[in-house]
Amino acid sequence: MSKNNNALLSTYTFANGVELKNRIVMAPMTNFSSNDDGTITEAEAAYYARRSSGASMVITACTYVTPNGKGFPGEFGADSDDMIPSLSKLAKAIKDQGAKAVLQIFHGGRMCPPDLVPGKEVVSASDVPAEGEGNPVPKSLSESEIEEIIDAFGETTRRAITAGFDGVEIHGANGYLIQQFFSPHSNRREDRFGGSLEKRMAFPLAVVDKVKSVAAEHADSSFLIGYRFSPEEPETPGITMDETLALIDVLSDKGLDYLHVSLMEFASTPRRGVDDLNKTRIDHLQETIDNRVPLIGVGSIYTAEDARHALESGVPLLALGRELIIDPDWVQKVAEGKEDEIITELDKDKQEQLVVPDPLWNIITTTPGWFPGV
Ligand SMILES: Cc1cc2nc3c(=O)[nH]c(=O)nc-3n(C[C@H](O)[C@H](O)[C@H](O)COP(=O)(O)O)c2cc1C
């Protein structure tokens, strides 16, 4: 093992005392492979088990907290107590291999395909469709419906605790419901959930408060709570970097265990909203966070060199997504001094060895430009 790899392989201790065995986390990735009733499949459990002996923490694909939050075909559910045995199977598949298991909790809002939600009724903060052709006009949620969804994030957290997960990650990124409330594009409300930057934070913060109170009631202090966010939106109006820094400033004092940025490129720079557009988004975020809470960085980290370089930015933890599909033995190869054997392009002949379920495999091998090698 070369000396520098100590940085990647050293332990990390969260403020609540939970220790991770190294700095590599598996990024949440939807796999389209659950049963139609929302339970997980054997293929899915095997896919996670194959990737849970190297990374210190595995964040699952997103799971819907209410039936009208289902955002993908083959997404697994956490919207009723009937799902607890399925969730337990998933938590066990991950934890048996040595990683911490974190459930990513989610509502798709206006991004849900109408066919996947009850009565084909897609909902959001306001009745503004996503940009692009043919997107459905969502129904604007009433205040009582909003409260029900906040409660559902709490109920899903309770189920995650019962099922044996080590934590939950609130999915506030990638344009889904929580982000839709923060975004001036999708949130045109004039009540307590919208109208000003502060009011657009009300729903995300209410979800955080609910999840925290349920965890305080049902779990011990080792239960991790993370929050994922996307720093910017391309649309006008849309979330700008300075608005995200304002949200992150508030979230940094919320007693969360970690924040997790969603980026496709680790070293990407802001589009707009801050004076210094040459400084990376990660550097802007780190400056605002000012060591109050750990930030997980992510985005196109493929080689050990990429990862070492990313850690030099000062983030304590790195999430790898596509690369852990391409090479599930990434961490082990680094640990054994075999980093030159890390595979960084998807080998389309190796589905079986890589243990990837058919629906996910079919999508990633037929979508050009998404995965290296395809
Ligand atoms: C197949 C696939 C599914 C994804 N599903 C999710 C998801 O469910 N939740 C989420 O927050 N991000 C999701 N993402 C984004 C990843 O977590 C990650 O941020 C992104 O892929 C960039 O990291 P990478 O370059 O290491 O892949 C997904 C990405 C991929 C490739």
*Asks:* Dump the intermediate steps for side chain to side chain contact (heavy atoms under 4.5 Å, CB included) on V168 and T156, then the final yes or no.
*Replies:* CA-CA 9 Å; V168 291; T156 295; over 6 Å; no
*Asks:* Any donor and acceptor pair, going by atom type alone, linking the side chain of N187 with main-chain N or O of A125 inside 3.5 Å?
*Replies:* no
*Asks:* Once rounded to the nearest 0.5 Å, what's the spacing between atom CG of D166 and atom CD1 of I94?
*Replies:* 9.0 Å
*Asks:* Within the 4.5 Å heavy-atom criterion, are T367 and V374 side-chain neighbours or not?
*Replies:* no
*Asks:* Show the numbers, then the answer: is there a side chain to side chain contact (heavy atoms under 4.5 Å, CB included) between V261 and R281?
*Replies:* CA-CA 9 Å; V261 67; R281 288 162 164 158; 6.0 Å; no
*Asks:* E312 and R308: salt bridge (charged side-chain N to carboxylate O under 4.0 Å, His left out), yes or no, with the steps?
*Replies:* CA-CA 6 Å; E312 282 166 13; R308 282 191 291 270; over 6 Å; no
*Asks:* Just so I know, are the side chains of T288 and H284 near enough to count as touching, which here means a heavy-atom distance under 4.5 Å?
*Replies:* no
*Asks:* Show your reasoning for whether side chain to side chain contact (heavy atoms under 4.5 Å, CB included) applies to R322 and Y302.
*Replies:* CA-CA 8 Å; R322 289 167 293 181; Y302 293 103; 3.3 Å; yes
*Asks:* For E169 and H260, which I'm curious about, is there any donor-acceptor pair between the side chains at under 3.5 Å?
*Replies:* yes
*Asks:* Taking the side chain as C-beta and beyond, is there a heavy-atom pair between I239 and P184 under 4.5 Å?
*Replies:* yes
*Asks:* How about T344 and E323: do any of their side-chain heavy atoms sit closer than 4.5 Å?
*Replies:* yes
*Asks:* So do the side chains of F193 and L141 get within less than 4.5 Å of each other, counting heavy atoms only?
*Replies:* no
*Asks:* With clusters built from Ile, Leu, Val, Met, Phe, Trp and Tyr whose side-chain heavy atoms come within less than 4.5 Å, directly or transitively, what are the remaining members of the cluster of V128, listed by chain and number?
*Replies:* none
*Asks:* Has R23 got a side-chain atom pairing as donor or acceptor with S10's backbone, closer than 3.5 angstrom?
*Replies:* yes
*Asks:* Does some side-chain heavy atom of V315 sit less than 4.5 Å from a side-chain heavy atom of F266?
*Replies:* yes
*Asks:* My understanding is that a hydrophobic cluster links ILVMFWY residues whose side chain heavy atoms are under 4.5 Å apart, including indirect links. Using that, what else belongs to the cluster containing V102?
*Replies:* Y12, F14, V18, L20, V25, M57, I59, L224, Y258, I296, L317
*Asks:* Using a strict 4.0 Å threshold on nitrogen-to-oxygen distance, state whether D209 and K254 make a salt bridge.
*Replies:* yes
*Asks:* Apply salt bridge (charged side-chain N to carboxylate O under 4.0 Å, His left out) to R192 and list each qualifying residue two or more places apart in sequence or on a separate chain.
*Replies:* E143, E147
*Asks:* Any chance you could lay out the side chain to side chain contact (heavy atoms under 4.5 Å, CB included) test for Y64 and L116, step after step, and finish with the verdict?
*Replies:* CA-CA 11 Å; Y64 50 93; L116 295 184; over 6 Å; no
*Asks:* If only side-chain N and O atoms count, and only distance matters, is there a donor-acceptor pair under 3.5 Å linking D249 with S252?
*Replies:* no
*Asks:* For K89, is there an ion pair with E42 - N to carboxylate O distance below 4.0 angstrom?
*Replies:* yes
*Asks:* What I'd like to find out is whether the side chain of H171 reaches to under 4.5 Å of the side chain of S262, using heavy atoms alone.
*Replies:* no
*Asks:* Any donor-acceptor pair under 3.5 Å linking the side chain of T63 with the backbone of F76?
*Replies:* yes
*Asks:* Give a yes or no on whether V122 and F72 share a hydrophobic cluster (residues Ile, Leu, Val, Met, Phe, Trp, Tyr; joining criterion: side-chain heavy atoms under 4.5 Å apart).
*Replies:* no
*Asks:* Hydrophobic cluster membership, with links at side-chain heavy-atom distances under 4.5 Å among I/L/V/M/F/W/Y: are Y227 and L295 in one?
*Replies:* yes
*Asks:* Side-chain contact test, heavy atoms from C-beta onward, threshold under 4.5 Å: evaluate it for E235 versus S183 and give yes or no.
*Replies:* no
*Asks:* Can you list everything that forms a salt bridge (charged side-chain N to carboxylate O under 4.0 Å, His left out) with D358? Sequence neighbours excluded, please.
*Replies:* none
*Asks:* Between D127 and K139, does any side-chain N to carboxylate O distance fall below 4.0 Å?
*Replies:* no
*Asks:* Can you name the residues that form a side-chain contact (heavy atoms from CB on, under 4.5 Å) with E217, not counting sequence neighbours?
*Replies:* none
*Asks:* Sequence neighbours excluded, which residues qualify as salt bridge (charged side-chain N to carboxylate O under 4.0 Å, His left out) partners of D253?
*Replies:* R292
*Asks:* Hey, are D96 and K92 close enough for a salt bridge, meaning a charged N less than 4.0 Å from a carboxylate O?
*Replies:* yes
*Asks:* So, taking the atom named CZ in R110 and the one named OH in Y176, what distance separates them when rounded to the nearest 0.5 Å?
*Replies:* 11.5 Å
*Asks:* Any donor and acceptor pair, going by atom type alone, linking the side chain of R158 with main-chain N or O of G154 inside 3.5 Å?
*Replies:* no
